[in-house]
Amino acid sequence: MGSQTTTQTNALIASDRVEGTAVRRPNGDSIGRIERLMIEKASGKVVYAVMSFGGFLGIGEGYHTLPWSTLRFAPEMDAYVVDLTEEQLRAAPPASAEGNDPSFDRGWEEHVHQYFKATPYWSV
């Protein structure tokens, strides 16, 4: 039946193609890149992106978990776009590169969604 290779369609993208994708501001300035996706087990929905920013060659790099709903894909930039200032990003709730943060705690999740002014995924 042909190759087992996962490819992108107009509406879908394989998770391994999202990981490593640039994150930019609306003006095109680079903020960082997506390290991994966090998926809700029951629904299968992507609910967070763990994003890296700053540093050089992995040294001094910071990680933040952003609600997926705060990102939008901009094909003209081949990047995900989020409208955050440097100050907002640095003050955002931190995460580890592995996504090992308190995201299994609903209080932490509420804090993250409030910080980013995002509708919680569990109330959509």
Side-chain angles (χ1 to χ4, degrees):
M1 172 144 200
S3 172
Q4 294 288 341
T5 305
T6 303
T7 59
Q8 181 179 340
T9 67
N10 288 334
L12 302 175
I13 189 168
S15 64
D16 63 339
R17 290 185 55 117
V18 175
E19 293 169 355
T21 300
V23 178
R24 299 186 178 280
R25 291 192 174 88
N27 68 1
D29 289 350
S30 178
I31 297 176
R33 70 181 176 280
I34 294 176
E35 294 297 324
R36 71 182 60 257
L37 303 176
M38 303 298 286
I39 300 168
E40 183 186 36
K41 288 179 184 179
S43 70
K45 287 194 267 181
V46 174
V47 294
Y48 296 112
V50 177
M51 188 191 83
S52 63
F53 78 101
F56 181 70
L57 299 175
I59 300 169
E61 213 164 35
Y63 298 90
H64 292 291
T65 302
L66 283 71
W68 184 247
S69 62
T70 63
L71 297 158
R72 72 171 175 80
F73 186 71
E76 68 281 5
M77 291 187 216
D78 193 31
Y80 287 90
V81 174
V82 65
D83 196 6
L84 293 172
T85 66
E86 190 72 22
E87 296 77 31
Q88 288 171 313
L89 185 57
R90 293 206 179 276
S96 70
E98 296 78 32
N100 294 338
D101 50 42
S103 63
F104 299 107
D105 174 286
R106 188 50 54 101
W108 182 88
E109 288 188 289
E110 287 172 354
H111 173 67
V112 168
H113 282 81
Q114 287 171 357
Y115 184 86
F116 290 107
K117 297 177 178 72
T119 302
Y121 68 89
W122 59 88
S123 65
V124 188

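Note: hydrogens, waters and symmetry copies are ignored here, and every other heavy atom, side chains too, is used. Bear in mind the structure is a predicted one, so any value in this text is a computation, not a measurement.
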(request) Using side-chain contact (heavy atoms from CB on, under 4.5 Å) as the criterion, list what pairs up with Leu37, not counting sequence neighbours. (result) Ser15, Val18, Ile34, Val46, Ala49, Trp68
(message) If the condition is side chain to side chain donor-acceptor pair (under 3.5 Å), which residues does Glu19 pass it with, not counting sequence neighbours?
(response) none
(message) Is there a side-chain contact between Phe73 and Ile13 in this structure, where contact means two heavy atoms from C-beta onward sitting under 4.5 Å apart?
(response) no
(request) Could you check if a side-chain atom of Phe53 sits within less than 4.5 angstrom of a side-chain atom of Leu84, using non-hydrogen atoms only? (result) no
(message) According to a hydrophobic-cluster definition based on side-chain heavy atoms being under 4.5 Å apart (Ile, Leu, Val, Met, Phe, Trp, Tyr only), do Leu89 and Val81 belong together?
(response) no
(request) Measure the CD-OG1 distance between Glu35 and Thr21 for me, rounded to the nearest 0.5 Å. (result) 10.5 Å
(message) Main chain of Ser52, side chain of His64: is a donor-acceptor contact present, judged purely on distance under 3.5 Å?
(response) no
(message) Using every non-hydrogen atom in the two residues, find where Gly20 and Arg33 come nearest and quote the distance to one decimal.
(response) O-CB, 4.0 Å
(message) Run the side chain to side chain donor-acceptor pair (under 3.5 Å) test against Glu110 and tell me which residues pass, sequence neighbours left out.
(response) none
(request) Output all residues satisfying side-chain contact (heavy atoms from CB on, under 4.5 Å) with Thr70, sequence neighbours left out; order by chain, then residue number. (result) Leu66, Pro67, Val82, Phe116, Ala118
(message) Show every salt bridge (Lys or Arg N to Asp or Glu O under 4.0 Å) that has at least one partner inside residues 65-86, sequence neighbours left out.
(response) Arg25-Glu86, Glu86-Arg90
(message) List the residues meeting side chain to side chain donor-acceptor pair (under 3.5 Å) with Ser43, not counting sequence neighbours, and say none if there are none.
(response) Glu40
(message) Pair Met51, Leu71 - check side chain to side chain contact (heavy atoms under 4.5 Å, CB included), show working.
(response) CA-CA 11 Å; Met51 188 191 83; Leu71 297 158; 5.7 Å; no
(message) Is there a continuous path of hydrophobic side-chain contacts, each under 4.5 Å between heavy atoms, that joins Tyr48 to Ile31?
(response) yes
(message) Test your reading of the model: is there a side-chain donor-acceptor pair from His113 to the backbone of Glu109, 3.5 Å cut-off?
(response) yes
(message) Quick one: does any side-chain atom of Tyr121 pair with a main-chain N or O of Ser69 as donor and acceptor, under 3.5 Å?
(response) no
